[in-house]
Colleague: 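Pasting in a structure now, in structure tokens, and then I'll have a few things to ask.
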Amino acid sequence: MPAQSPTDRFLALLMQGIPADGRPPQAQLDADAGLRHSFCAAYFLADTQPGRDVHAFVTGTLPLLLRQLQRTTQRERVAFQGQVRGRVDWPATTKARAQQEANPALFICRPPHRQHDTPENQLLKFLLTAVAQLIPQINPVMLAAGRWTAGGASEPDWLARRTNDIRTHLRAAQANIRLRQVKAPDKITPRHLIKARASKTELYGQVADLYGRYHHIIEQAQWTAVYPILGQTILLPTPGHPHADACLALAARGFLEQSTTNS
């Protein structure tokens, strides 16, 4: 008997309905770190809902944001000989001239020094680094999964093509000279999110929103944050491979739960 195709296996699981005595999806994710990382990472990157789409963010929003990165301006006292840059600090200049035989060509100035290592940009750098690290965590069979739609169409290798495109845009962003001045924090604090949402550059609000999705789906692995994705995107790995059967079962469970919620 030939092995079931991913689509046939998924449809068979849908026909079985939600098992009354099965383990809750959250318990399944909590019990298996490999399944949790692969499933959650795959669906976080597969989400196509507006405002939650990583691919749309890195291909559309990110290039715009990199052209207007938030920056701070600091002024430090610097001695100049025969020229003026920035504001002249006259009290400091008078004192310095007195110490150097009344040198009239000496100026103590405070030129502007722009820095891009702001909380908003640290949040962005953290998110981009985290997304880049997610792709290798996905099980290869899951990464090669096709995308199934409710209309019956299947797109082979959809996630692999999507993540390759995401990776390409991330590499370009990480080469940005201003972004390279930003240090990714070890963890995100409320200050990072407050600064991002309060920024005059509204695109930082999208960074904060996307980080919120990352926090709930990846850092906390919350089933309640994952299963809404399954109402519009289903990934179909080949049955019989590590984690493939569990991922198909979770996808069917989520699709049914989402359908029930929307009915």
Side-chain angles (χ1 to χ4, degrees), residues 33 36-72 114-140 142-143 145 147 158-222 225-226 228-229 233 235:
R36 179 172 64 251
H37 292 319
S38 187
F39 185 83
C40 291
Y43 276 98
F44 174 72
L45 297 176
D47 196 348
T48 60
Q49 299 174 88
R52 303 176 178 184
D53 190 328
V54 175
H55 183 270
F57 175 80
V58 301
T59 59
T61 303
L62 183 57
L64 297 176
L65 188 54
L66 291 176
R67 291 198 287 268
Q68 48 185 313
L69 284 180
Q70 191 72 34
R71 62 191 181 189
T72 59
R114 295 186 176 92
Q115 293 184 329
H116 290 89
D117 195 20
T118 66
E120 303 94 310
N121 292 335
Q122 289 175 2
L123 174 64
L124 175 63
K125 186 70 170 283
F126 179 95
L127 183 63
L128 298 182
T129 302
V131 170
Q133 293 173 345
L134 276 184
I135 297 174
Q137 296 178 18
I138 303 174
N139 185 296
M142 194 68 176
L143 194 61
R147 182 191 184 201
W158 178 80
L159 186 59
R161 289 184 280 108
R162 181 177 173 86
T163 52
N164 283 337
D165 203 23
I166 290 173
R167 186 188 289 112
T168 298
H169 282 82
L170 288 177
R171 286 174 178 166
Q174 290 167 342
N176 181 280
I177 188 169
R178 289 177 293 178
L179 192 61
R180 288 168 61 183
Q181 301 171 12
V182 180
K183 181 181 179 182
D186 294 331
K187 65 178 181 179
I188 297 303
T189 66
R191 180 170 179 265
H192 291 104
L193 299 173
I194 291 171
K195 287 289 188 178
R197 296 193 186 282
S199 174
K200 294 180 181 179
T201 304
E202 296 181 358
L203 296 178
Y204 283 105
Q206 296 184 34
V207 180
D209 290 341
L210 199 56
Y211 169 76
R213 297 290 296 164
Y214 173 85
H215 176 67
H216 292 306
I217 295 175
I218 304 300
E219 294 183 330
Q220 296 188 332
Q222 294 181 0
V226 177
I229 303 171
T233 295
L235 300 173

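In this text the structure is predicted, and so the values were computed from the model without any measurement. For the numbers below, each heavy atom of this structure counts, side chains included, while hydrogens, waters and symmetry mates do not.
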Colleague: Is there a side-chain contact between Thr61 and Leu203, using heavy atoms and a 4.5 Å cut-off?
Modeller: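 A side-chain contact exists here, since the closest heavy-atom pair is under 4.5 Å.
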
Colleague: So, for Leu134 and Ala41, which heavy atoms are closest and what is the spacing to 0.1 Å?
Modeller: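 Looking at all heavy atoms of both residues, the closest pair is CD2-CB, 3.9 Å.
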
Colleague: Nearest heavy-atom pair of Leu62 and Leu124: which atoms, and what distance?
Modeller: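 That would be CD1-CD1, 4.0 Å.
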
Colleague: Could you walk me through whether Tyr204 and Gln68 pass the side-chain hydrogen bond (donor to acceptor under 3.5 Å, both in side chains) check?
Modeller: CA-CA 10 Å; Tyr204 283 105; Gln68 48 185 313; over 6 Å; no

Colleague: Taking Thr163 for the side chain and Leu159 for the main chain, is one N or O donor matched with an acceptor at less than 3.5 Å?
Modeller: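 Yes: the side chain of Thr163 pairs with the backbone of Leu159.
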
Colleague: More than 12 heavy atoms of other residues, nucleotides or ligands under 6.0 Å from CZ of Arg180: yes or no?
Modeller: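 Check fails, neighbour count at 12 or below.
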
Colleague: Can you see which heavy atom on Leu193 is nearest to which on Tyr211, and at what distance?
Modeller: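 Closest pair (atom of Leu193, atom of Tyr211, distance): CD2-CD2, 3.7 Å.
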
Colleague: Quick one, Arg161 and Trp158 - any side-chain contact, counting heavy atoms below 4.5 Å?
Modeller: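 They are in side-chain contact.
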
Colleague: Check this for me, if you would: do Asp209 and Arg197 make a salt bridge, where the nitrogen-to-carboxylate-oxygen distance has to be below 4.0 angstrom?
Modeller: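 Arg197 and Asp209: salt-bridged.
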
Colleague: Which pair of non-hydrogen atoms, one from Asp186 and one from Phe126, has the smallest distance, and what is that distance?
Modeller: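 So the two residues come closest at O-CE1, 3.8 Å.
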
Colleague: Do Tyr43 and Met142 have side chains that approach each other closer than 4.5 Å (heavy atoms only, starting at C-beta)?
Modeller: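 Heavy-atom side-chain distance check passes, below 4.5 Å.
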
Colleague: Return the minimal non-hydrogen interatomic distance between Asn139 and Ser38, and the atom names on each side.
Modeller: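 Scanning both residues completely, I find the closest heavy atoms to be N-OG, 2.9 Å.
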
Colleague: Please determine whether the number of non-hydrogen atoms from other residues, nucleotides or ligands lying under 6.0 Å from atom CG of Leu64 exceeds 12.
Modeller: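 It does: Leu64 CG has more than 12 such atoms within range.
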
Colleague: Do Ser199 and Glu120 pass the side-chain hydrogen bond (donor to acceptor under 3.5 Å, both in side chains) test, and can you show the C-alpha distance, the side-chain angles, and the key distance before you say yes or no?
Modeller: CA-CA 8 Å; Ser199 174; Glu120 303 94 310; 4.5 Å; no

Colleague: Could you tell me whether the side chain of Asn121 and the main chain of His116 form a donor-acceptor pair under 3.5 Å?
Modeller: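 Side chain of Asn121 to backbone of His116: a pair is present.
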
Colleague: Compare all side-chain heavy atoms of Thr48 with those of Arg162 and state whether any distance is below 4.5 angstrom.
Modeller: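 Yes, side chains in contact.
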
Colleague: Taking only residues at least two apart or on different chains, which pairs with a member in residues 122-133 satisfy side chain to side chain donor-acceptor pair (under 3.5 Å)?
Modeller: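 Applying side chain to side chain donor-acceptor pair (under 3.5 Å) to every pair that reaches into residues 122-133, excluding sequence neighbours, yields Asp117-Gln122, Gln122-His192.
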
